[in-house]
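Here's the structure, in structure tokens; my notes come after.
The sequence lines fix the lettering, A, B, ..., with proteins before strands; numbering per chain opens at 1. Basis for what follows: all heavy atoms, side chains included, without hydrogens, waters or symmetry-related copies.
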Amino acid sequence: MKYGESVFVIEKEIISKDEIAFLIPQIYKLLHVRFGHRHWWPGDTRDEIMIGAILTQNTAWTNVEKAIKNLKKVDCLSLDRLASTSRSELEKMIRPSGYFRQKAERLMNFARIVLDYPDGPDAFFHHSQNLDEIRDRLLNINGVGPETADSILLYAASFPSFVIDAYTFRIFTRMALYDGKKDYMKLQKLITDNLELDLDLYRDYHAQLVELGKRYCRNRRPVCDTCPLNELCPKKGA
DNA sequence: GTCCTGAGCA
DNA sequence: TGCTCAGGAC
């Protein structure tokens with residue numbers, strides 16, 4: 001490297017509002033070109049998506065798939081069937097997803113709360129309410145944190161609530177768009193402030209970030225040379 | 001700090 | 001075969 005060249009390579013300390021406003025939609029465009037439209041969430045029904053959202057907490061999706069398969073086998077991929085299963089049976093079936101005792105308890109508790117909601121689950125998620133109202137109701141359920149709540153809202157209940165996860169923190173930190181301290185609402189606001197409010201865009205953007213985080217922007221040994229965001233990333237190769 | 005598994009790698 | 005690792009909520 002020639003003397004002085006590093007000036008252009010060194011990570012920028014400050015990124016202007018205009019740069020952020022350009023980069024956040026641009027990142028999506030590049031990911032979409034590389035990966036194509038993702039059909040997310042993997043799951044057919046609202047119940048299945050909600051169950052998957054709880055099972056995948058701090059867990060790789062491949063492990064969740066095994067649990068889902070076990071539940072499907074005995075037709076337990078719905079809240080009402082779940083609520084009428086014995087705890088020990090449920091624990092056995094969801095064991096591959098990890099934290100099986102915690103998750104069994106959380107699933108049964110979640111199912112009961114949603115099923116027992118006045119006028120039922122449809123009323124719980126009815127679009128006549130505002131997003132924050134339902135979000136708060138979800139967050140008040142034991143075992144439902146911000147990521148799980150937003151996953152349920154976005155993919156199961158069709159509310160435009162942007163999902164932030166470990167991949168999102170990692171990618172946006174490496175892209176120098178975020179300061180690195182894990183503040184869920186702060187990163188969510190940064191992204192949504194610079195993105196068109198659109199259900200399908202929110203769904204696909206998060207899906208694209210998951211794909212990037214798994215295949216390129218990995219925690220260890222990131223694959224920067226062929227990363228679709230390579231030319232935009234100040235950390236490439238680092 | 002605690003709760004857990006399966007993939008990946010030596 | 002035995003280790004480390006990745007991954008949310010409380």
Is there a donor-acceptor contact under 3.5 Å linking the side chains of A:Y167 and A:H206?
no
When you measure from the side chain of A:Q129 to the backbone N and O of A:H126, does any donor-acceptor pair fall under 3.5 Å?
yes
Hey, could you give me each pair passing salt bridge (charged side-chain N to carboxylate O under 4.0 Å, His left out) that has a residue in residues 135-151 of chain A? Not counting sequence neighbours.
A:R135-A:D150
Among residues 98-112 of chain A, which contact DNA chain B at a heavy-atom distance under 4.0 Å?
A:G98, A:Y99, A:F100, A:R101, A:Q102
Are any non-hydrogen side-chain atoms of A:F100 and A:L90 less than 4.5 angstrom apart?
no
Cationic tip of A:R38 above A:Y205 ring, under 6.0 Å, 45° of axis
no
Numerically ordered, the residues 45-78 of chain A set in heavy-atom contact under 4.0 Å with DNA chain B is A:N63, A:K66
Would you say A:R101's side chain and A:E91's backbone share a donor-acceptor pair under 3.5 angstrom?
no
So A:K103 and A:T59, do their side chains get closer than 4.5 Å, heavy atoms only?
yes
Within 6.0 Å of CD in A:E65, more than 12 heavy atoms from elsewhere
yes
Mark yes or no for whether A:Q57, through its side chain, and A:G143, through its backbone, hold a donor-acceptor pair below 3.5 Å.
yes
Sidechain-backbone polar pair: A:D179 side chain, A:K181 backbone, donor-acceptor under 3.5 Å
yes
Could you list by number each residue of residues 208-216 of chain A showing a heavy-atom separation from DNA chain C of less than 4.0 Å, or answer none if no residue does?
none
Under 4.0 Å, heavy atoms only, any strand: does A:I141 hit a base, just the sugar-phosphate, or nothing?
sugar-phosphate
Base, sugar-phosphate alone, or nothing: which one does A:T148 contact when heavy atoms must sit under 4.0 Å apart?
sugar-phosphate
Is a side-chain donor-acceptor pair under 3.5 Å present for A:D18 with A:S16?
no
Side-chain H-bond candidate by donor/acceptor type, A:Y216 with A:R34, under 3.5 Å
yes
If you count the non-hydrogen atoms of other residues, nucleotides and ligands that lie under 6.0 Å from CG in A:D200, is the total more than 12?
yes
Using chain A heavy atoms and a threshold of under 4.0 Å, write down where along DNA chain C the contacts begin and end, 5' to 3'.
C:dC5 to C:dC10
The correct set of residues in residues 151-168 of chain A placing a heavy atom under 4.0 Å from DNA chain C is A:A166, A:Y167
Under a 3.5 Å cutoff, is there a donor and acceptor pairing between the side chains of A:E105 and A:N109?
no
Which atoms form the tightest heavy-atom contact between A:T45 and A:L77, and what is the distance?
OG1-O, 4.4 Å
